[in-house]
There are 2 protein chains.
Amino acid sequence: MHAEQPVRSGRAKRLPRAVRERQIMDAAVDVFSRLGFHAASMDEISEVAGISKPMLYAYLGSKEELFATCIRRESTRMMEAISSGVESEEPPDVQLWSGLRAFFGFVGENRAGWQVLHRQASSQGGPFAEELADMRGRAISLVAALLVHSSDFTNVPRAGDKEAESLAAALVGAGESLADWWLDNPEEPAGVVAARLMNLVWMGFGDLVAGDVWHPPSRRSERGTERGAEEGA
Amino acid sequence: MHAEQPVRSGRAKRLPRAVRERQIMDAAVDVFSRLGFHAASMDEISEVAGISKPMLYAYLGSKEELFATCIRRESTRMMEAISSGVESEEPPDVQLWSGLRAFFGFVGENRAGWQVLHRQASSQGGPFAEELADMRGRAISLVAALLVHSSDFTNVPRAGDKEAESLAAALVGAGESLADWWLDNPEEPAGVVAARLMNLVWMGFGDLVAGDVWHPPSRRSERGTERGAEEGA
DNA sequence: CGCCCTACCTACTCGCCAGTAGGCTTACCA
DNA sequence: TGGTAAGCCTACTGGCGAGTAGGTAGGGCG
């Protein structure tokens, strides 16, 4: 799970700065995700990275800077993974579906990064929460925009932005929570988990218990009550 | 927001142990919720509680014990608040509605306690995560049972327990996240926020963008597309 | 009044960890 | 081949915070 770099003994091999920085970041994400910001020590990070502490300070600055850099890197990666999977010309439900698949795909590929983002960062008070809340805010805005856009497709009086934002917050939270649940129940493929959430938020329990499910685009025109939307990752 | 006890100067007034313990617990929840486990210091907790550090140790034991006790107290309070609001003879949607109202009511009354529960506890690795995951697990089980029970009301082939559990996890996460959002947007009453989540998870976006909303029990038989379910806390 | 138990305190120890001073080695290039 | 800069190190300091030793006050009860 966290075997980043073998523990070093003696002097480390000379490597160009960019490479070392990547190693250090990987190690930092690993350690922060396991221990949280305060419990993680720079000594342990440097050890996992296979270098000595002064290198760490020379390249990445203080502990806080390092942590903030980790959050930025991981959140950027994640937002890119999600937005690159979504085509804005598609209908809203398909966009949502693509986003969810991209999200769960990212989490599955990148568990340590996800933990840093979701758990550790939000609990620290400093500049991190800010950094993290920022990304979370971007995700929520993305979803909120999608929702507002959705109602333009219909003749409904447009819901207030506040309302859309709160619903988006709920959806993002559902995704986070389900992702956590998934980490403890990893046997299922990403696609199935994503499909569950899609069904929940698009159809609602009311429809689900009545047997109505949402269908992925490929079988869009068929009607029925069979399972649906369960292809793999 | 966190003015528990005025800062003391000199010797504190003699009080019976039970009272002091309550004060200390209140102070601890306050400090832990603001700073998180590691960043919180026993010195600060004792100061906020209006006593000296050795008292703290004499009454509540080590820092870890104190934290665990906080989590236990707050989680018990919350679960009691929720389950006391739900009547198990009601139909599933009404039960869910009652549970959501109770939950948001609790969060509104008890913000510090909520933060300790939701943010701080989950990020620490020790015996706390266990304690907290336990309560979260109870909440998820509660919802999962409700879902499984819901499908008994219909003729749908009963969903797997795993599926119900994952949906419950998503719902609980949505509630947590929406509660956090609410802390940043406190102008709305608890009932409105609860109604939003109810609509989301029961009706789904698909119905919502089409103008269908869920109605609270009092107007159960009416049909229509007006707002609905928005009375106060 | 004197005993003692409980509530409460000041003032430490001690380990851990962020951050640094100062110096050694290897690659590259003039 | 010697200069120099980039990559790397060992070995410290300084402070913070958990936990404790060893007390002082004040109320109840004989």
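Just so you know, these numbers come straight off a predicted model, no measurement behind them. Just so we're on the same page: letters track the sequence lines, and every chain starts at 1.
Here dC9(C) is the nucleotide among dC9(D), dC9(C), dA18(D) with the atom lying nearest to any side-chain atom of Ile51(B). Checked against dC9(D), dA18(C), dT20(D), the side chain of Met42(A) finds its nearest nucleotide in dA18(C). For Asp43(B), the listed nucleotide lying nearest its side chain is dA18(D); candidates were dC17(C), dA7(C), dA18(D). Closest contact between the side chain of Ser62(B) and the listed nucleotides dG19(D), dC8(D), dT10(C) involves dG19(D).
The nearest whole Å value for the distance from the CE atom in Met55(B) to the C1' atom in dT20(D) is 15 Å. dG19(D) atom C1' lies 13 Å from atom CD of Glu64(B), rounded to whole Å.
Residue-environment remark: CZ (Arg17(A)) exceeds the threshold of 12 foreign heavy atoms within 6.0 Å.
Positionally, the nearest nucleotide of DNA chain C for Arg17(B) lies more toward the 5' end than for the other of Arg17(B) and Ala40(A).
In this model, the phosphate group of dG7(D) is approached by a side-chain N or O of Tyr59(A) to a distance below 4.0 Å at OP1 or OP2. Residue Arg20(B) places at least one side-chain N or O closer than 4.0 Å to OP1 or OP2 of dC8(C).
The pair Glu80(A)-Arg77(A) does not meet the salt-bridge criterion, since no charged nitrogen lies less than 4.0 angstrom from a carboxylate oxygen.
Residue Arg14(A) places a side-chain atom within donor-acceptor reach of the base of dT25(C), judged by atom type and a 3.5 Å distance cut-off alone. The base of dG19(D) does not come close enough to the side chain of Lys63(B) for any donor and acceptor atom to sit less than 3.5 Å apart.
No side-chain donor-acceptor contact under 3.5 Å links Ser177(B) to the backbone of Gly173(B).
For the residue pair Arg138(A)/Ser83(A), the side-chain donor-acceptor check at 3.5 Å is not satisfied.
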